[in-house]
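Please read the structure below before turning to the comments.
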Amino acid sequence: MLTQELRAEIARAAERAVASGDLPASATPVPPFDVEPPRDPRHGDYAANLALVLARAVGRPPREIGAAILRHLPAPSELVDHAELAGQGFLNLTLAPSCLSRWLRRVHAEDRRFGHTDVGRGRRVLVEYVSANPSGPLHVGSGRGGAVGETVARLLEALGYRVSREYYVNDYGNQVDALARSVEARYLEALGRPAAFPEDGYQGAYVVEIARQIVREHGAQLAEVDGAERFSRIQSIALAAMLADIRNTLEAFGITFDTWFSERTLHERGAVRRVLEELRERDLVYEQDGALWFRATRFGDDKDRVLVRGDGRPTYFAADIPYHLDKYARGFEHLIDVWGVDHIGDVARLRGGLQALGKDPATLEFLIHQHVRLRNEGEAVRMSKRTGEFVTLRDLLGAVGRDAARFFFVMTSPGAPMDFDLALAQRRSADNPVYYVQYAHARICSILREAERAGIPMPQAEGTDLALLTSPEERVLAKRVIMLPDIVHAAGTRREPQRLCAYARELAEAFHVFYTQCRVLTDDATLTAARLMLVDAARRGLRNTLDLVGVAAAERM
RNA sequence: GCGCCCGUAGCUCAGCGGACAGAGCAGCUGCCUUCUAAGCAGCGGGUCGCAGGUUCGAGUCCUGCCGGGCGCGCCA
């Protein structure tokens, strides 16, 4: 990362200042400090706050410290053209032309890997997301979880982690039982037989559709078999149908999971029972009112939690503990659960359950995303899964397309509730920020096609004089492109995928401004070569950013 | 009542303890015989919910309050 190079350069200057007696020894070891682009372009390309950070420890005014560091900072150098002391003690740096050139060449050399780093060092991370109950089609809230989870997974891969994507299938318990009873009733109805539709049943048309599918494939045959057997067979058919639908929808959304983990298997192979026994041995459970309770309050939860109900059936929580133990057992060092806000109350108990069994809470992380409020021309769209009146993720994809949906879901902070206005997103117009970014990419591709048509060869990294790129528009574009590694690092380590969308927009803006000010294909062959390399670097930066968000980098629009 | 999250321009939202708080939309004004006008340039628009505190420095961190959302089940 460029900021790391600059940070190291400034830290070395501070060390030299200490060595020469210009700064007291208390300035070393050099503490962490920020190097970032200032808001005001008059403050240079990057600003460092080391002098301000050191003021307290050194006991001297920041400007005095900054002046001492500045005296030992070589400039002009290959990295920094010039540096100046400003404001309360900022060191404002202007990058050397050779620095921009070197990084632009790096963009070409690394191509699809530009922006990637290796802070993860191959550590294994499991990202679990979506994990919606297979009792109905995915709704738009799952779309947000999917987009956020997928982008976080891609960010972590770009940071050098080995990432696995997992969907936890709740194929056990009340909800899938209700699904099976609903399908069973519709099946019997379809055969013209009397059937009472269950009170807690799912009303949606998809239930009728699954019932029809069973009629097509099995006729009346299943109606003849014994009740328990029939229920079980219908349940597995219904489950398979729902999961196929969910999987297809997610694939259309650009998301593919490595693992679909079945909750049922945890019960069947005794993993739930073993965890209960272990908790009992450690005296972390007690019986009350016929139920088995976990002493969650010992681990920071605000009340104890039921593991086994009075009727002997384990709760969802009881299976969640062995599920997460299984993740660790499979070799993952760090777990990220991307959950909807409706599960926020379950975080403390799961954290407590795993802590009780010796797992380090720091290795289990929750990324909670808030609700999506659907709107149509500003008016709220009512949704209810039970009555079947809701907008599915598939509906959304059909209406606004995958690119707009992915970009919109990632664009806002996961922690803030978001409004998704269907009518607005359906208007395929400039209102939509995703087009602004895609359009920049398409324009670059158009220039490259035009260059090819005119027989202008793509410049080679060696022999192209990038020092010709001196106008403000060219420098801003170059600087934005080479920021990508820092952006990916911040977005990934802080789990703030929305930074990618903000950056994509800024990079596109820098290109559009450049485009209106600077002509790429000119009679000047050396300038043309330099600008071709610049826009080709911008193309790679935009494409790599959009790849992380899951949005297509359109070559024509 | 308790817990978590959110309060930033008319609307939807960005904003990494740093310098004069930004974008898009909406409104108004200009710019296409030249690589895509899905673009660019400009004009307006703010007590960053309120009050304290920490800090050289707070929209950002801490505390309290106000407003909103979600959760607080032997549902998932």
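Numbers restart at 1 for each chain; the letters A, B, ... are given by sequence-line order, proteins then strands.
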(Q) With a 4.0 Å limit, can you tell me whether A:Y435 has a side-chain N or O closer than that to the phosphate oxygens OP1/OP2 of B:A37? (A) no
Q. Among B:A19, B:A23, B:G71, which is the nearest nucleotide to the side chain of A:A86?
A. B:A19
Q.
Whole angstroms only, please: what is the OH-P distance between A:Y515 and B:C35?
A. 6 Å
Q. Between A:D171 (side chain) and A:E263 (backbone), is there a donor-acceptor pair under 3.5 Å?
A. yes
Q: Take atom NE2 of A:H512 and atom P of B:C40, then tell me their distance rounded to the nearest Å.
A: 6 Å
Q: Could you tell me whether A:G415 contacts a base, only the sugar-phosphate backbone, or nothing, with contacts defined as non-hydrogen atoms closer than 4.0 Å?
A: sugar-phosphate
Q: Determine the interatomic distance between C1' on B:C48 and the same-named atom on B:A23; round to the nearest Å.
A: 16 Å
Q: Before giving the answer on ring-ring contact (aromatic ring centres under 6.0 Å, His included), spell out for A:H441 and A:F511 the whole-Å C-alpha distance, their side-chain angles and the decisive distance to 0.1 Å.
A: CA-CA 9 Å; A:H441 186 269; A:F511 170 75; 9.8 Å; no
Q: Please determine, for the side chain of A:L52, which listed nucleotide (B:C5, B:C56, B:G24) has the closest atom?
A: B:C56
Q: Could you check whether A:F90 and the base of B:G18 form a stacked pair, meaning centres closer than 5.5 Å and planes differing by less than 30°?
A: no
Q) Could you state the CZ-P distance from A:R309 to B:C74, rounded to the nearest angstrom? A) 9 Å
Q. How would you label the contact of A:E287 with the nucleic acid (heavy atoms, under 4.0 Å): base, sugar-phosphate, or nothing?
A. nothing
Q: Report which part of the nucleic acid A:N174 touches: base, sugar-phosphate, or nothing (heavy-atom distance under 4.0 Å, all strands).
A: sugar-phosphate
Q: State whether a side-chain donor-acceptor pair under 3.5 Å links A:R264 with A:N170.
A: no
Q.
Expressed as a whole number of angstroms, how long is the span from A:Y436:OH to B:G24:P?
A. 7 Å
Q: Look at all strands and tell whether A:A291 reaches a base, only sugar-phosphate, or nothing, counting heavy atoms closer than 4.0 Å.
A: base
Q. Expressed in whole Å, how much space separates the P atoms belonging to B:G18 and B:U60?
A. 11 Å
Q) Syn or anti for B:C5, with syn set at within 90° of 0? A) anti
Q.
I'd like to check, for A:H43, whether its ring lies over the base of B:A19 with centroids under 5.5 Å apart and a plane angle smaller than 30°.
A. yes
Q: Can you tell me, in whole Å, how much space there is between the C1' of B:G44 and that of B:U29?
A: 11 Å
Q | Distance in angstrom units between A:E64 CD and B:C56 C1', rounded | A | 14 Å
Q) So what stems show up for RNA chain B if we need 3 or more Watson-Crick or G-U pairs in a row, all under 3.5 Å? A) B:1-7 with B:66-72, B:10-13 with B:22-25, B:27-31 with B:39-43, B:49-53 with B:61-65
Q) Hey, what's the ring geometry for A:F317 with A:F294, parallel, tilted or perpendicular (30° and 60° as the breaks)? A) tilted
Q | Plane angle bin for A:W260 and A:Y167 - parallel if under 30°, tilted between 30 and 60°, otherwise perpendicular | A | parallel
(Q) For the C1' atoms, the ones on B:A9 and on B:C65, what distance do you get once it is rounded to whole angstrom? (A) 26 Å
**Q.** Atom-pair distance (CD on A:Q175; C1' on B:C75), nearest Å
**A.** 7 Å
Q: Describe the nucleic acid contact of A:V520 in one word from base, sugar-phosphate, nothing, applying a heavy-atom distance below 4.0 Å.
A: base
Q. Are any of the side-chain nitrogens in A:R373 or A:D419 under 4.0 Å away from the carboxylate oxygens of its partner?
A. yes
**Q.** Between CH2 on residue A:W293 and NZ on residue A:K303, distance to nearest 0.5 Å
**A.** 8.5 Å
Q: Hey, which sits more toward the 5' end of RNA chain B by its nearest nucleotide, A:D304 or A:I344?
A: A:I344
**Q.** Whole-Å gap separating C1' (B:C74) and CZ (A:R349)
**A.** 11 Å
Q) Is a side-chain donor-acceptor pair under 3.5 Å present for A:T392 with A:H139? A) no
Q: Mark up nucleotides 8-17 of chain B, 5' to 3', with B wherever a protein heavy atom is under 4.0 angstrom from a base atom, S wherever such an atom reaches only the sugar-phosphate, and - elsewhere.
A: ----SSSSBS
(Q) Under 4.0 Å, heavy atoms only, any strand: does A:E473 hit a base, just the sugar-phosphate, or nothing? (A) nothing
Q. Between A:D302 and A:A55, who's closer to the 5' end of RNA chain B by nearest nucleotide?
A. A:D302
(Q) Taking 4.0 Å as the cut-off, does a side-chain nitrogen or oxygen of A:K303 come that near to OP1 or OP2 on B:G73? (A) yes
Q. If we take the P atom in both B:U63 and B:C74, what is their distance in whole Å?
A. 30 Å
(Q) What's the gap between B:G68 and B:G73 when it is taken at their P atoms, as a whole Å value? (A) 23 Å
Q) Is a side-chain donor-acceptor pair under 3.5 Å present for A:D45 with A:T94? A) no
Q. Which listed nucleotide (B:C70, B:C35, B:A23) is nearest to the side chain of A:R505?
A. B:A23
Q. If we ignore angles and hydrogens, is there a donor and acceptor under 3.5 Å between the side chains of A:Y323 and A:E166?
A. yes
(Q) Is it true that, when you exclude A:E509 itself, more than 12 heavy atoms of the residues, nucleotides or ligands shown sit nearer than 6.0 Å to its CD? (A) yes
Q. If the C1' atom of B:U8 is compared with that of B:G45, how far apart are they to the nearest Å?
A. 14 Å
Q) Side chain of A:D301, backbone of A:A348: donor and acceptor closer than 3.5 Å? A) no
**Q.** Whole-angstrom distance between B:U54 and B:A14, as gauged at atom P
**A.** 31 Å
Q: Check every strand shown and say whether A:C518 touches a base, only sugar-phosphate, or nothing at a heavy-atom separation below 4.0 Å.
A: base
Q) Looking across every strand, which nucleic acid part, if any, lies under 4.0 Å from A:A348 by heavy atom: base, sugar-phosphate, or nothing? A) nothing
Q: Nearest whole angstrom, please: distance from the C1' of B:C4 to the CG of A:L367.
A: 14 Å
